Peer 1: 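Mind looking over this structure? Questions follow.
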Amino acid sequence: MFRAILTSRLQSAFTAAGIELPEGFLPNVVIASDTRYGDYQSNAAMTLAKQLKTNPRALAEQIKAALRVEDLCEKITVDGPGFLNFTLSAAALAQRLAVIVKDDHVGVPQVEQARRIVVDFSAPNIAKPMHVGHIRSTFIGDSLARIARFIGHQVITDNHIGDWGTQFGMILHGWKTILHHEALDKDPIQELVRVYKAVNAQTKADEAVLTTCRTELVKLQQGDPDNMEIWTRCVALSLEQLRQIYGKLDIHFDHYLGESAYNDKLAPLVEHLLTSGIAEISDGATCVFFRDVPELADKPCLIRKSDGGFLYATTDLATIDHRIDEWKADEIWYVVGAPQELHFRQLFQVAKKRGQNTRMQHVAFGSILGQDGKMFKTRSGESVGLLEVLAEAIERAAAVVAEREGLTDLEKIQIAEVIGTGAVKYAELSQHRMTDYKFSWDKMLALQGNTAPYLINAYVRTKSIFRKLDAEITLTPELTITEPAERALALKLAQLAEITHDVLLDFRPNLLASYLYELADTYHSFYEACNVLRAEGAVRNTRLTLCEATSRVLKTGLGLLGIQTTERM
RNA sequence: GCACCCGUAGCUCAACGGAUUAGAGCAUCUGACUACGGAUCAGAAGGUUUCAGGUUCGAAUCCUGACGGGUGCGCCA
């Protein structure tokens with residue numbers, strides 16, 4: 001917010017000072033990393049001086065003289081090689097504070113042009129349990145969707161579940177030969193996984209079993225009624241369990257359009273790509289070549305096997321058509337692991353050849369590794385179930401909550417769920433998405449330090465103060481920010497707008513997580529330094545307003561990470 | 001073989017062209033409880049940012065090359 005205003009004031013200053021700007025030059029303003037120099041800073045004079053071949057400090061002084069920011073800043077200085085440093089006035093900060101406590105979006109402006117954005121994330125496979133490997137796509141995707149929606153975009157979330165792959169050949173064969181129906185009733189997913197693994201092992205030992213599985217798959221794809229019925233039951237059973245998990249996680253999708261939804265689109269799609277000359281036959285398979293793209297010159301995209309079967313890329317192309325034609329998507333974000341980078345590069349190139357100009361973005365992320373430093377493999381190395389992680393997290397939180405007094409048993413359960421689930425989400429989202437990390441129970445479930453409970457505790461402290469008030473209180477606009485701790489907090493509170501903007505620039509929720517941690521930290525310090533309830537008059541009103549604003553920004557910000565809050569803990 | 005990602009305190013991670021002093025958390029060590037909720041705060045200690053060159057007023061960040069780790073590369077998804 002302040003950053004945007006300062007940026008536009010700088011631009012006006014260039015005009016006022018008669019400085020000729022090079023083509024496409026935009027002044028850069030950032031939140032100061034070290035507040036000793038000011039609250040915001042710009043290196044515009046330095047980059048500009050380089051291009052205009054003049055002295056950066058002199059240019060900075062010239063810009064400073066032309067700047068009209070008296071309503072915002074109490075001080076502007078030119079420092080070092082030519083930095084412009086801005087220190088906001090207490091009045092400007094107070095004004096922001098007043099907006100934050102009453103605005104629905106806690107002072108974050110809505111985008112001028114709303115885009116229609118499809119966010120594709122989570123995408124688990126049917127008949128397999130969700131494990132820790134699904135954490136990243138699910139949490140990052142959910143958070144990005146929430147943030148985009150919050151700043152005013154039209155967001156469509158779509159869970160592109162894997163409900164049609166070749167693994168069904170094995171499940172069908174297993175269902176017919178080794179399924180235990182009692183076990184299926186008791187725990188469907190567990191039984192399906194057992195069957196899948198058993199058949200998978202059989203195929204390794206016996207080539208004939210693999211052939212049988214392929215036959216079962218072909219029958220399914222041709223609409224064989226028996227196989228269709230088994231498939232339908234598998235999907236229903238899996239979806240039931242998935243919805244249960246998403247419910248616990250407070251994650252909701254607008255659509256569950258799995259791979260199977262596009263079955264009848266695939267043949268015509270390939271046909272059309274052939275007749276339009278985009279695809280060609282090579283070694284019996286249908287491929288799209290990218291001879292004009294050097295990096296992809298020897299990496300064609302296969303869209304139909306020589307046996308007539310369709311592939312991953314085929315379904316994805318049909319999915320793109322649906323999202324553009326039916327949903328009128330301006331953008332599609334794929335929150336999918338980094339190993340699939342090549343696939344998406346090919347996919348986007350095919351879309352380009354087809355004249356689809358929708359912005360497509362692969363939001364890649366690193367892998368969660370086992371203790372051996374290798375990727376979790378669903379088939380070989382056992383991964384840890386997502387439900388198991390959540391249960392353990394809630395249990396550990398419950399152990400701490402149990403010691404509290406003045407809470408009912410029901411409240412304790414609810415608090416433990418909020419904190420346990422929040423801890424797991426925060427552990428993921430506070431990390432840079434490209435970083436590979438080793439799965440660790442202690443890291444995932446930590447309750448001390450830079451964790452969700454720390455942030456939620458700050459929120460609880462804001463609420464606790466208002467509970468202590470004897471009567472309903474009406475906050476007035478009479479604000480007097482004087483103490484350093486008050487000022488630091490007011491400044492932090494004003495920066496959510498900048499942060500949400502930056503998050504979407506690079507698809508990085510960890511920036512928001514880190515901002516919220518700093519906000520909570522700043523609040524805790526303020527809390528120690530400035531007593532609220534014993535203060536009087538305008539000082540008390542100011543501090544209460546700071547508490548209310550912190551409360552709102554924390555709740556909103558955590559909500560954007562998909563993390564809930566609780567009034568007590 | 002080629003391509004992409006990664007290498008930062010003992011450990012787990014931030015910072016991704018900006019500042020004399022590269023930040024946090026955990027672990028270690030000092031302090032602060034007749035408490036606006038201690039799941040807290042104030043502080044100490046801990047790093048040639050894998051290495052070698054280069055670009056720049058300025059590099060953990062950009063470029064080149066090593067070394068180390070991971071992933072991917074026409075009929076899986």
Side-chain angles (χ1 to χ4, degrees), chain A residues 28 30 32-34 36-37 41 43 46-47 49-50 56-57 79-83 85 123 125 162 164-167 259 282-289 295-296 298-313 315-316 337-343 345-346 364-367 369 373-375 397 400-401 403-404 406 419 427 430-432 434-438 440 442-443 446-458 460-469 506 510-511 513-514 517-518 520-521 524-525 527-535 543 547 568-569:
Chain A
N28 187 26
V30 297
S33 55
D34 190 331
R36 276 172 305 180
Y37 299 105
Q41 65 171 240
N43 60 6
M46 280 131 75
T47 50
K50 188 181 285 188
R57 282 202 63 117
D79 301 298
F83 287 106
N85 286 316
N125 281 319
W164 199 252
T166 30
Q167 81 268 25
E259 293 161 350
S282 167
D283 291 337
T286 311
C287 313
V288 177
F289 284 91
E295 318 88 80
L296 296 178
D298 60 342
K299 293 182 171 50
C301 176
L302 266 73
I303 54 174
R304 185 165 209 173
K305 297 191 277 186
S306 47
D307 70 2
F310 300 105
L311 292 136
Y312 185 28
T315 315
D316 274 0
Q340 302 203 40
E341 204 232 301
L342 178 60
H343 164 73
R345 265 174 41 204
Q346 293 178 328
F365 51 83
S367 308
L369 311 172
K374 306 265 184 188
M375 279 178 75
V400 181
V401 179
E403 294 165 12
R404 302 286 136 154
I419 291 176
S430 58
Q431 206 133 204
H432 186 115
M434 285 311 292
T435 309
D436 290 345
Y437 67 89
K438 280 187 195 170
S440 145
D442 286 340
K443 178 195 174 73
L447 304 175
Q448 309 286 329
N450 186 356
T451 62
Y454 179 85
L455 307 197
I456 295 173
N457 184 40
V460 166
R461 299 230 272 198
T462 63
K463 285 295 165 189
S464 163
I465 282 181
F466 284 96
R467 271 198 302 272
K468 278 279 183 338
L469 292 170
D506 278 317
N510 73 305
L511 296 176
S514 134
Y517 175 73
E518 286 165 18
D521 186 39
H524 281 309
S525 299
Y527 186 90
E528 301 282 334
C530 305
N531 193 297
V532 178
L533 295 180
R534 284 207 287 269
R543 292 180 181 174
C547 289
R568 297 166 192 263
M569 66 191 283

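A quick note: this is a predicted structure, and the numbers were derived from the prediction, not measured. First the proteins, then the strands, lettered A, B, ... as listed; each starts at 1.
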Peer 1: How about A/D521 and A/Y454: do any of their side-chain heavy atoms sit closer than 4.5 Å?
Peer 2: yes
Peer 1: Please enumerate all residues that pass side-chain contact (heavy atoms from CB on, under 4.5 Å) together with A/R345, with sequence neighbours excluded.
Peer 2: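 With sequence neighbours excluded, A/R345 shows a side-chain contact (heavy atoms from CB on, under 4.5 Å) to A/E295, A/L296, A/E341, given in chain and number order.
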Peer 1: Once side-chain hydrogen bond (donor to acceptor under 3.5 Å, both in side chains) is applied, do any residues pair with A/R57, and if so which ones, sequence neighbours excluded?
Peer 2: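 With sequence neighbours excluded, A/R57 shows a side-chain hydrogen bond (donor to acceptor under 3.5 Å, both in side chains) to no residue whatsoever.
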Peer 1: Measure the spacing between CG of A/N85 and CG of A/D34 and express it to the nearest 0.5 Å.
Peer 2: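 Atom-to-atom, A/N85:CG and A/D34:CG are 9.5 Å apart.
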Peer 1: Say we look at B/rU12 and B/rU50: how far apart would their P atoms be, to the nearest angstrom?
Peer 2: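 Their P atoms lie roughly 15 Å apart.
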Peer 1: Using atom C1' in both nucleotides, what's the gap between B/rG46 and B/rG72 to the nearest angstrom?
Peer 2: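 After rounding to an integer number of Å, I get 39 Å for this pair.
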Peer 1: Using a heavy-atom cut-off of 4.0 Å across all strands, would you classify A/F365 as base, sugar-phosphate, or nothing?
Peer 2: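 Contact class for A/F365: none.
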Peer 1: Tabulate atom names and distances for all N/O pairs under 3.5 angstrom spanning the protein and nucleotides 16-18 of chain B.
Peer 2:
{"residue": "B/rG18", "atom": "N7", "partner": "A/N43", "partner atom": "ND2", "Å": "2.9"}

Peer 1: How far does CD1 of A/I419 sit from CG of A/L455, to the nearest 0.5 angstrom?
Peer 2: 11.0 Å
Peer 1: Please work out whether B/rG65 sits syn or anti, treating a glycosidic angle within 90° of 0 as syn.
Peer 2: anti
Peer 1: Nearest-Å distance, CG (A/L342) to C1' (B/rC5)?
Peer 2: 14 Å
Peer 1: Between B/rC26 and B/rU40, how far is it from one P atom to the other, in whole Å?
Peer 2: 8 Å
Peer 1: Identify, with sequence neighbours excluded, every residue that meets side-chain hydrogen bond (donor to acceptor under 3.5 Å, both in side chains) alongside A/H432.
Peer 2: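 So A/H432 forms no side-chain hydrogen bond (donor to acceptor under 3.5 Å, both in side chains) with any residue.
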Peer 1: Among the nucleotides B/rG74, B/rA77, B/rC36, which one has an atom lying closest to any side-chain atom of A/K468?
Peer 2: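 Of the candidates, B/rC36 comes closest.
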Peer 1: Does A/D283 reach a base, just sugar-phosphate, or nothing at all? Heavy atoms under 4.0 Å.
Peer 2: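 Touches a base.
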Peer 1: CG of A/L369 versus C1' of B/rG7: gap in Å, rounded?
Peer 2: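 One finds 14 Å between C1' of B/rG7 and CG of A/L369, rounded.
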Peer 1: Please tell me if the side chains of A/R461 and A/H524 come closer than 4.5 Å, counting only heavy atoms from C-beta onward.
Peer 2: yes
Peer 1: Go nucleotide by nucleotide along RNA chain B from the 5' end; which of A/G162 and A/C530 gets its closest nucleotide reached first?
Peer 2: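 Between the two, 5'-proximity favours A/C530.
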Peer 1: Which protein N or O atoms sit under 3.5 Å from an N or O of nucleotides 8-12 of chain B?
Peer 2:
{"residue": "B/rU12", "atom": "O2'", "partner": "A/K443", "partner atom": "NZ", "Å": "2.4"}

Peer 1: Starting at atom CG of A/N450, determine the distance to atom P of B/rA27, rounded to an integer number of angstrom.
Peer 2: 14 Å
Peer 1: Roughly how many Å apart are B/rU61 and B/rG65, using the P atom of each and rounding to a whole number?
Peer 2: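 My reading of the P atoms in B/rG65 and B/rU61 gives 16 Å.
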Peer 1: Considering every strand and a 4.0 Å limit on heavy-atom distances, what is the contact class for A/A285: base, sugar-phosphate, or nothing?
Peer 2: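 The answer is base, as A/A285 lies within the cut-off (heavy atoms under 4.0 Å) of a base atom.
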Peer 1: Could you spell out the base pairing of RNA chain B in dot-bracket, with Watson-Crick or G-U pairs whose two distances are under 3.5 Å, [ ] crossing and | to another strand?
Peer 2: (((((((..((((....[....)))).(((((.......))))).....(((((..]....))))))))))))....
Peer 1: With sequence neighbours excluded, what pairs up with A/N43 under the side-chain hydrogen bond (donor to acceptor under 3.5 Å, both in side chains) test?
Peer 2: none
Peer 1: Could you state the CG-P distance from A/L455 to B/rG25, rounded to the nearest angstrom?
Peer 2: 13 Å
Peer 1: So A/Y312 and A/H343, would you call those rings parallel, tilted or perpendicular, with 30° and 60° as cut-offs?
Peer 2: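 The arrangement is parallel - the two ring planes meet at less than 30°.
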Peer 1: Return the CH2 to OG1 distance between A/W164 and A/T315, rounded to the nearest 0.5 Å.
Peer 2: 10.5 Å
Peer 1: Identify which nucleotide among B/rC36, B/rC76, B/rA14 has an atom closest to any side-chain atom of A/T435, counting heavy atoms from C-beta outward.
Peer 2: B/rA14
Peer 1: Are the side chains of A/N510 and A/Q431 in contact, using a 4.5 Å heavy-atom criterion?
Peer 2: no
Peer 1: For A/L302, answer base if it contacts any base atom (sugar-phosphate contacts may also be present), sugar-phosphate if it contacts only those atoms, and nothing otherwise; contact means non-hydrogen atoms under 4.0 Å.
Peer 2: base
Peer 1: Using a cut-off of under 3.5 Å, enumerate the N/O to N/O pairs linking the protein to nucleotides 45-47 of chain B.
Peer 2:
none

Peer 1: Which part of the nucleic acid does A/V460 contact within heavy-atom distance under 4.0 Å: base, sugar-phosphate only, or nothing?
Peer 2: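 It contacts base atoms.
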Peer 1: Using the P atom on both, measure B/rC73 against B/rA60 and round to a whole Å.
Peer 2: 36 Å
Peer 1: Taking 5.5 Å and 30° as the limits, would you call A/Y517 and the base of B/rA24 a stacked pair?
Peer 2: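 It does not: the two rings, one from A/Y517 and one from B/rA24, miss the stacking criterion.
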Peer 1: To the nearest angstrom, how far is A/Q346 atom CD from B/rG74 atom P?
Peer 2: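 Between P of B/rG74 and CD of A/Q346: 9 Å.
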Peer 1: Taking atom C1' in both B/rG10 and B/rA45, what distance in whole Å separates the two?
Peer 2: 13 Å
Peer 1: With the side chain counted from C-beta on, respond yes when A/V400 and A/M569 share a heavy-atom pair under 4.5 Å apart, and no when they do not.
Peer 2: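 No, every pair of side-chain atoms sits at 4.5 Å or beyond.
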Peer 1: Could you tell me the separation between the CE atom of A/M434 and the P atom of B/rA14, rounded to a whole number of Å?
Peer 2: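 Checked: the CE to P distance equals 11 Å.
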Peer 1: Just how far is it from atom CZ of A/R467 to atom OG1 of A/T462, taken to the nearest 0.5 Å?
Peer 2: 9.0 Å
Peer 1: Quick one: A/D298 CG to B/rG72 P, roughly how many Å, whole number?
Peer 2: 18 Å
Peer 1: To the nearest 0.5 Å, what is the distance between CD (A/Q346) and CD1 (A/I303)?
Peer 2: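 Nearest 0.5 Å value for the CD-CD1 distance: 11.5 Å.
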Peer 1: Assess whether atom CZ of A/R534 is packed by more than 12 heavy atoms of other residues, nucleotides or ligands within 6.0 Å.
Peer 2: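 No, because the 6.0 Å sphere around CZ of A/R534 holds 12 heavy atoms or fewer from other groups.
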Peer 1: Using a heavy-atom cut-off of 4.0 Å across all strands, would you classify A/R304 as base, sugar-phosphate, or nothing?
Peer 2: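 Contact class for A/R304: none.
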Peer 1: Any protein N or O atoms within reach of nucleotides 39-41 of chain B? Criterion: under 3.5 Å, listing atom names and distances.
Peer 2:
{"residue": "B/rA39", "atom": "OP1", "partner": "A/R404", "partner atom": "NH1", "Å": "3.4"}
{"residue": "B/rA39", "atom": "OP2", "partner": "A/R404", "partner atom": "NH2", "Å": "3.0"}
{"residue": "B/rA39", "atom": "O2'", "partner": "A/N457", "partner atom": "ND2", "Å": "3.0"}
{"residue": "B/rA39", "atom": "N7", "partner": "A/R404", "partner atom": "NH2", "Å": "3.4"}
{"residue": "B/rU40", "atom": "OP2", "partner": "A/Q448", "partner atom": "OE1", "Å": "3.2"}
{"residue": "B/rU40", "atom": "O2'", "partner": "A/R461", "partner atom": "NH2", "Å": "2.7"}
{"residue": "B/rU40", "atom": "O2'", "partner": "A/E528", "partner atom": "OE2", "Å": "3.4"}
{"residue": "B/rC41", "atom": "OP1", "partner": "A/Y454", "partner atom": "OH", "Å": "2.4"}
{"residue": "B/rC41", "atom": "O4'", "partner": "A/E528", "partner atom": "OE2", "Å": "3.4"}

Peer 1: So what does A/P339 touch, heavy atoms closer than 4.0 Å: a base, only the sugar-phosphate, or nothing?
Peer 2: sugar-phosphate
Peer 1: For A/E341 and B/rC4, what is the distance between atoms CD and C1' respectively, to the nearest whole Å?
Peer 2: 5 Å
Peer 1: With C1' as the reference atom in both, quote the distance from B/rU49 to B/rG23 in angstrom, rounded to an integer.
Peer 2: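 To the nearest whole Å, 12 Å.
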Peer 1: The criterion is ring-ring contact (aromatic ring centres under 6.0 Å, His included); which residues satisfy it with A/Y437, sequence neighbours excluded?
Peer 2: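 Expected list: none.
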Peer 1: Could you tell me how far B/rA44 sits from B/rC6 if I compare only their C1' atoms? Round to whole Å.
Peer 2: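 Here B/rC6 and B/rA44 have their C1' atoms 33 Å from each other.
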Peer 1: Can you list the residues that meet the side-chain contact (heavy atoms from CB on, under 4.5 Å) rule with A/S306, with sequence neighbours excluded?
Peer 2: none
Peer 1: Do A/S464 and B/rC36 share a donor-acceptor pair, side chain to base, under 3.5 Å?
Peer 2: no
Peer 1: Would you mind classifying the nucleic acid contact of A/N85 as base, sugar-phosphate or nothing, using non-hydrogen atoms under 4.0 angstrom?
Peer 2: base
Peer 1: What residues, two or more places apart in sequence or in another chain, satisfy side-chain contact (heavy atoms from CB on, under 4.5 Å) together with A/S514?
Peer 2: A/E518
